[in-house]
Structure formats: C-alpha cells, structure tokens
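Input: a single structure, listed below in structure tokens.
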Amino acid sequence: MKAAIATLEARLKQALVAAFGPDLAGADPLLVPASNPKFGDFQANGAMPLAKQLKDKPRAIAEKILAHLDVSDLCEPPEVAGPGFINLRLKTEYLERQLKAVQDSDRLGVEPAKEPQKVIVDFSSPNIAKEMHVGHLRSTIIGDSIARVLEFMGHDVLRLNHVGDWGTQFGMLITHLKESSPEALTSPESVDMGDLVAFYKEAKKRFDEDDAFKTRSREAVVALQSGDEAARTAWNALCEQSRREFQKIYDRLDIRIEERGESFYNSLLPAVVRDLENLGLLVENQGAKVVFAEGFINKDGDPLPLIIQKSDGGYNYATTDLAAVRQRTDKEGANRVVYVVDAGQSNHFEQVFQVAEKAGWVPENVELIHVPFGVVQGEDGKKFKTRSGETVRLKDLLDEAVERAQADMNSRIQAESREESPEFVQDVAEKVGIGAVKYSDLSQNRTSNYIFSYDKMLALQGNTAPYMLYAYVRVRGISRKGGIDFEHLPPDATVHLEDEAEFALARHLLQLDEVLEEVALELFPNRLCQYLFELSQKFNQFYDRCSVLQAEEPQRTSRLILCDLTARTLKLGLSLLGIQVLERM
RNA sequence: GGGUCCUUAGCUCAGGGGAUAGAGCAACCGCCUUCUAAGCGGUCGGUCACUGGUUCGAAUCCAGUAGGACCCGCCA
C-alpha cells in the first residue's frame with residue numbers, strides 16, 4: 001500500500017495549498033494508518049497543528065482541506081471526525097485491484113529499494129577455540145534476519161563473521177597444541193582436538209599454574225605475529241577445528257556467513273596508529289597510545305581513553321575495529337555497516353565510531369550502526385545458565401528445543417490416533433524447534449533483555465512459531481484436499497471481498513511492503529514478527545468464517561487467491577526471519 | 001561516581017506525539033456430522049513506576065526522582 005500512501009499524501013499536500021495558499025506548501029498532512037479499523041484505512045492529522053497558524057478551528061480546517069481534495073479514484077468520500085481527523089477508507093475495487101497485482105507479482109508487490117546500498121552486517125562472532133554458547137544466539141539470529149531483509153530489499157549485503165581468531169590467548173593455545181598433539185604441525189587436517197572447551201580449559205589451567213608454560217606461550221604469541229611457520233600451522237589447525245564446529249551450528253540454523261576474523265585486519269593496524277598520530281589525535285597515556293573520545297569518563301571521574309596501542313606495543317580490539325571501519329568503507333565501499341552486538345558494548349562502539357569520525361574515516365554517505373540487544377535471561381530473570389550453573393552451549397539449547405518439540409508432537413499424534421513416520425516427526429520437530437527458538441527471540445523488541453522459555457516459545461497458541469506454521473499448514477491442507485494448484489489459478493480470476501474477515505485479511509496482506517521497508521530502515525525484526533502474527537490471526541478468522549472449497553464460484557476462486565496470498569506472504573515473511581515452513585505438521 | 005538501556009494487565013510483551021492504551025499466556029464461558037479445534041468467539045483484567053515540564057494533543061518528547069539490568073580491563 002505504499003503506492004496508495006504516496007498518492008494520498010501528494011493529494012493532501014495539493015489540497016492544503018489549494019485551500020490555504022502557497023504558504024502551506026511545506027506543511028505535512030500527517031497521513032498515518034488509521035488507529036482503528038472502524039475509521040477506515042488512513043487518517044490525516046494535519047489539520048490540528050495548523051489551527052494556531054490559520055486562526056481557525058481544526059475541524060473547519062479539515063473541512064476546507066476536504067473541499068479541495070479529490071481522492072474519489074481511491075477512496076470512499078472522506079470524513080472529518082473527532083477533533084479534526086480526516087478519515088480515509090479505500091474503495092473495495094481499489095483493494096481488489098491491488099490484491100490482484102500482488103498476486104501477479106513474484107515479489108508480492110514489494111518494490112526493491114530505489115537506491116540499493118552496499119551493507120555490511122557484522123554478526124555472530126564467536127571465538128576460535130571456544131564453543132558457541134547462548135551468548136551468540138541473539139547476534140546470530142537477529143543478524144541473519146536483518147541480512148535477509150536487506151537482501152530481499154535489493155541491497156548488496158556482505159555478511160561478516162568477525163570471529164575472535166587473534167590475541168594473546170592464542171599463545172597458550174598454540175603452545176598447548178604443539179605439546180599435546182605435535183602431529184598438528186605436520187598434518188593439521190588430521191588433528192581432532194575433540195572438545196574444544198576442554199582443550200581451552202586445559203591450556204588455561206597450564207597457563208595459570210605453570211610459569212615455564214606461560215613463558216613459552218608469550219614467545220608463541222610473538223612467533224605467531226612475526227609469521228613463524230610452525231606457530232602459523234598450529235594456529236591454522238585451531239581455526240580449522242573451530243570452523244568445523246561453528247559450521248555445524250550454522251548449517252542447522254540455515255545461516256550463511258563469511259568468516260573474516262580479527263586476524264584479517266592485522267596488516268592494517270600499524271597504519272591506524274600512524275594515521276591517528278599524524279592527525280594529532282593520539283596521546284601518550286601511561287605508556288600506551290590512546291585517543292580520548294568526548295563524553296567518556298571512568299570510575300574515578302578521569303577521561304576514559306580508547307586504547308589504540310598498548311604499552312607493550314600490542315594492539316587491541318579497538319584498533320582492529322577502527323581498521324575494520326576503514327577497510328569496510330574504503331575497500332568494500334559500504335554505505336552502511338551494521339554491528340549486531342550486545343548492548344553491553346554500546347560504549348565501545350560509541351567511542352570507536354566517534355574516533356573514526358574525528359579521523360575522517362567515515363565518508364558522508366556511510367552510516368555506522370550499532371544494533372544492540374539485551375541479555376538472555378532464564379525464567380527467574382537471572383542470566384541464563386544450566387542447572388549446574390554453567391554457560392549453556394548453543395548445541396544443547398537447540399537439541400533441547402527440538403527434543404521438546406518432538407515429545408509434544410508424539411503425544412499429539414498419539415492423542416489423535418494418527419500414523420506418522422519417524423522421519424516425518426523428526427523433520428517437523430527439527431523445523432518447529434529451531435523455528436521456535438528463532439521466532440521467540442526475533443519477536444521481542446531486541447533492545448530489552450530476553451527471558452528464555454522453552455515452554456513459551458513452543459506453545460501451540462499465541463505469538464509463536466508453531467502458531468504461524470500451523471496457519472501455513474492450513475492453506476496447504478486446502479490445496480491437498482481440493483487438489484488445488486495455487487501456481488495455476490485461472491489467470492483472469494479476480495478477488496471479490498464480501499465478508500468482514502475477507503476485508504481484514506486483504507487489508508493486512510497489502511501492508512507487507514510498508515512493514516518490510518520499515519524493518520530494512522529501523523532494523524527491528526520484531527515488527528515483521530508482529531505483522532506475521534496478525535496475518536495468521538486474520539487468516540484463522542477468515543478460515544473459521546469463510547469456507548473456501550465449498551464456496552460457489554466466483555467466490556471460491558476469490559477465496560483461493562486470498563489463501564494463496566496468505567501462504568506466500570507467510571512463507572516469504574518467515575523466510576526473512578530464517579524460518580522454514582512445513583507442508584504438514 | 002559516570003554512562004547506556006529498561007519499568008505498560010497476575011505473567012511474557014507490543015505500541016516511541018494523535019481518537020476509548022493492545023496482544024498472547026493464565027482464569028472463566030461458549031463453538032468440531034463440514035478445508036487439521038495446533039483453531040475461532042466471548043468474559044475478566046490498566047494510576048502506562050513517580051513528580052514536574054513542552055504541546056491543540058503525552059504511555060510516547062524533555063528534566064528530575066525511585067527501582068532493575070548492563071558497561072566503565074594495556075581481555076575481546
């Protein structure tokens with residue numbers, strides 16, 4: 001309905017000028033969706049703020065606007081209501097025409113962005129030699145969804161996994177690997193370190209307890225950084241092993257991402273220091289080279305430095321992030337760089353962005369955006385942990401969701417005396433379980449903390465993945481039962497809206513383009529979730545009140561078109577959340 | 001101490017200047033000889049933390065207060 005909005009807005013502006021003269025050429029008619037369906041489709045609130053300026057009553061102003069407004073091609077006669085709202089209701093024929101156009105469109109009427117951008121979405125970012133855990137859940141799911149939406153809107157998206165593959169901890173890991181599995185140096189592919197977490201813990205334990213080991217580890221860091229072949233090989237083996245583990249999770253979550261870790265930016269770090277120095281931004285502070293960003297002070301009330309180069313000459317993650325900003329704007333030509341990272345790092349990103357701006361590394365057409373999200377909490381409101389108090393591994397979390405989905409399904413199948421193959425149950429449980437984990441995360445406003453609950457996300461009713469998957473399955477059921485091939489409905493078939501439930505569904509279907517545009521701009525996937533949930537509700541109401549297969553023509557085909565549009569919208573919308581639909585469940 | 005975010009129905013959350021504040025869950029009451037009832041309808045439930053301010057209009061913007069979470073490491 002973006003087209004309708006654009007047209008109505010233009011007409012309202014014309015009417016304002018026609019009614020009150022060219023002084024109002026810049027006035028905003030304040031056209032917004034109607035706050036309540038009984039007021040129609042849209043309302044223009046522009047009359048009220050003009051009362052003072054025009055020295056007239058808002059209702060009288062609204063009447064004068066109406067006298068100069070011709071929207072009869074789109075709308076029923078507009079009405080003035082309340083303190084001065086102009087209510088606009090789209091004509092049924094217009095809705096029907098739009099629905100037909102959407103049905104004929106392979107993008108469901110969603111226009112790609114007029115000015116496609118190069119967008120980098122930086123998300124997930126686990127650490128090499130550590131396991132993916134619940135802390136990576138939100139970034140991975142939210143980042144993937146944002147990337148999917150931007151891709152669908154026609155932007156050129158580069159998904160980057162800024163993995164932690166560099167830093168001092170690699171000294172102890174390399175040393176421990178060399179000493180526990182020397183064969184890693186000759187044939188790194190053959191090495192299986194087994195449980196990476198255990199490996200990391202062993203290395204850490206030795207590092208903390210054994211001074212000689214600690215010394216060898218420090219030497220290993222130097223060796224690695226100076227390009228020593230053996231250190232490099234060991235490092236590669238560690239990365240390779242981690243990569244395989246990460247990929248299992250990404251495959252299961254159906255996530256594509258390109259690894260470009262911290263090490264990628266190594267060669268660019270000295271230039272960051274040099275250029276900041278040349279710009280006069282770098283300050284010596286207790287032996288370290290730092291930049292003071294404005295507005296940051298530490299616990300003691302002193303200015304908070306952003307450390308660019310440590311007193312020992314090493315770099316840290318601020319340096320890497322700055323190098324990445326430059327590389328992404330210069331070499332990748334990014335217009336937007338989206339960092340999907342927890343809200344705890346807001347300070348860090350503010351500082352880094354500020355320094356990058358000051359240094360002149362952020363061209364005018366480039367936007368650096370931190371997309372923050374809250375922490376995952378258990379149902380007790382505390383940090384989400386296992387019963388024994390350990391960090392929850394992502395693999396275990398997904399397993400449990402799927403297991404619970406499967407148990408649910410089995411009891412249902414039994415209760416309904418259905419016969420289903422184990423493969424079917426397994427497939428449905430996997431998609432429902434994974435979909436539920438993703439949906440419950442995405443459906444919340446990401447800025448707040450997120451209370452994780454298997455029971456709620458897997459609930460069969462309410463704003464959950466299973467509810468929406470079921471709405472989709474219902475359409476597929478109609479297709480099977482009626483032998484309907486939705487791809488080959490009669491091309492000349494048209495939509496005729498009669499029942500209230502049909503109108504509500506139709507109006508909602510037509511809002512997809514607005515919602516996706518908003519999500520692409522604001523980067524809040526929960527808006528899309530809200531839209532899809534409401535769509536499912538409206539479809540279920542329609543399904544309840546309007547029989548489809550038993551209806552007489554032409555109503556039958558008209559309703560089939562509504563079913564088809566619903567299914568395609570759900571499928572597309574869910575796919576942009578990274579959720580796969582099912583034919584049966 | 002400084003900073004960021006949060007506080008809306010019993011619970012989990014939407015809504016971020018516009019009409020009477022919305023969902024879901026829970027509780028209670030109805031609806032399956034008819035496309036999967038994993039559904040639909042209804043009832044109950046609110047000092048939008050508090051106090052001021054801005055505005056024709058504030059849950060929404062601003063300031064302050066109270067409570068909560070997180071950040072303030074030469075880790076990433």
Side-chain angles (χ1 to χ4, degrees), chain A residues 30 32 34-36 38-39 43 45 47-52 57-58 81-85 87 125 127 162 164 166-169 262 285-290 295-302 304-305 307-318 320-321 342-348 350 372 374-375 377 379 381-383 408-409 412 416 418 432 440 443-445 447-451 453 455-456 459-464 466-467 469-471 473-482 484 501 526-527 529-530 533-534 536-537 540-541 543-545 547-551 563 584-585:
Chain A
L30 295 174
V32 295
S35 61
N36 186 314
K38 73 183 177 195
F39 300 134
Q43 60 186 62
N45 302 330
M48 272 104 57
L50 292 173
K52 213 174 236 178
K57 291 183 178 132
F85 302 108
N87 287 340
S125 310
N127 291 315
H162 193 81
W166 206 251
T168 44
Q169 78 274 23
E262 292 165 348
N285 185 27
Q286 297 171 25
K289 292 180 175 169
V290 309
F296 294 90
I297 52 177
N298 68 14
K299 291 176 202 176
D300 306 321
D302 300 323
L304 183 68
I307 292 159
I308 304 297
Q309 189 165 25
K310 298 187 278 191
S311 53
D312 67 0
Y315 307 101
N316 69 0
Y317 74 129
T320 308
D321 282 342
D342 70 270
Q345 297 202 40
S346 297
N347 273 343
H348 168 70
E350 269 179 63
V375 300
Q377 298 172 319
E379 291 183 74
K382 291 184 182 151
K383 207 167 186 178
D408 246 30
M409 243 200 113
R412 170 167 300 278
E416 294 174 358
R418 282 161 63 183
V432 167
S440 65
S443 64
Q444 302 221 5
N445 186 318
T447 50
S448 43
N449 290 344
Y450 164 45
I451 297 187
S453 162
D455 287 337
K456 290 206 167 116
L460 309 167
Q461 51 279 115
N463 188 6
T464 65
Y467 176 86
L469 292 172
Y470 179 63
V473 160
R474 281 186 138 178
V475 180
R476 303 310 305 158
I478 289 173
S479 168
R480 274 193 306 278
K481 185 89 173 195
I484 309 293
N526 64 306
R527 306 278 167 85
C529 293
Q530 189 69 25
F533 175 54
E534 286 168 6
S536 304
Q537 282 184 310
N540 278 331
Q541 287 156 7
Y543 183 94
D544 204 51
R545 293 176 51 159
S547 55
V548 177
L549 294 174
Q550 287 92 333
C563 288
R584 277 192 322 122
M585 64 193 279

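Letters A, B, ... mirror the listed sequences (proteins, then strands); counts begin at 1.
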**Donor-acceptor contact present, side-chain Asn298(A) to main-chain Leu304(A), <3.5 Å** = no
**Request:** Using atom CG of Asn526(A) as one end and atom P of G16(B) as the other, report the distance to the nearest whole Å.
**Result:** 11 Å
**Prompt:** What do you reckon, do Phe85(A) and the base of G18(B) stack, with centroid distance below 5.5 Å and planes below 30°?
**Reply:** no
**Request:** Spell out, as yes or no, whether a donor-acceptor pair under 3.5 Å connects the side chain of Ser479(A) to the backbone of Ile484(A).
**Result:** yes
**Message:** Is there a side-chain contact between Arg412(A) and the phosphate of A38(B), meaning an N or O under 4.0 Å from OP1 or OP2?
**Reply:** yes
**Asked** Do Gln444(A) side-chain and A14(B) base share a donor-acceptor contact under 3.5 Å?
**Response** no
**Complete:** Its glycosidic angle compared against 90° from 0, C32(B) adopts the form syn
**Message:** In whole Å, measure the gap between the P atoms of U60(B) and A19(B) for me.
**Reply:** 13 Å
**Request:** Between G22(B) and U8(B), how far apart are the C1' atoms? Round to whole Å, please.
**Result:** 10 Å
**Asked** Among the nucleotides A38(B), A69(B), C35(B), which one has an atom lying closest to any side-chain atom of Arg418(A)?
**Response** A38(B)
**Request:** Take atom P in C6(B) and the same atom in C62(B), then report the distance between them in whole Å.
**Result:** 11 Å
**Side chain of Ile451(A) - closest among G24(B), U12(B), A37(B)** = U12(B)
**Prompt:** Has the side chain of Asn87(A) got a donor or acceptor that lies under 3.5 Å from a partner of the other kind on the base of A19(B)?
**Reply:** yes
**Prompt:** Minimum heavy-atom separation for Leu30(A) to Pro49(A), with atom names?
**Reply:** CD1-CG, 3.8 Å
**Item:** N-glycosidic conformation, G16(B) - syn within 90 degrees of 0, else anti
**Value:** syn
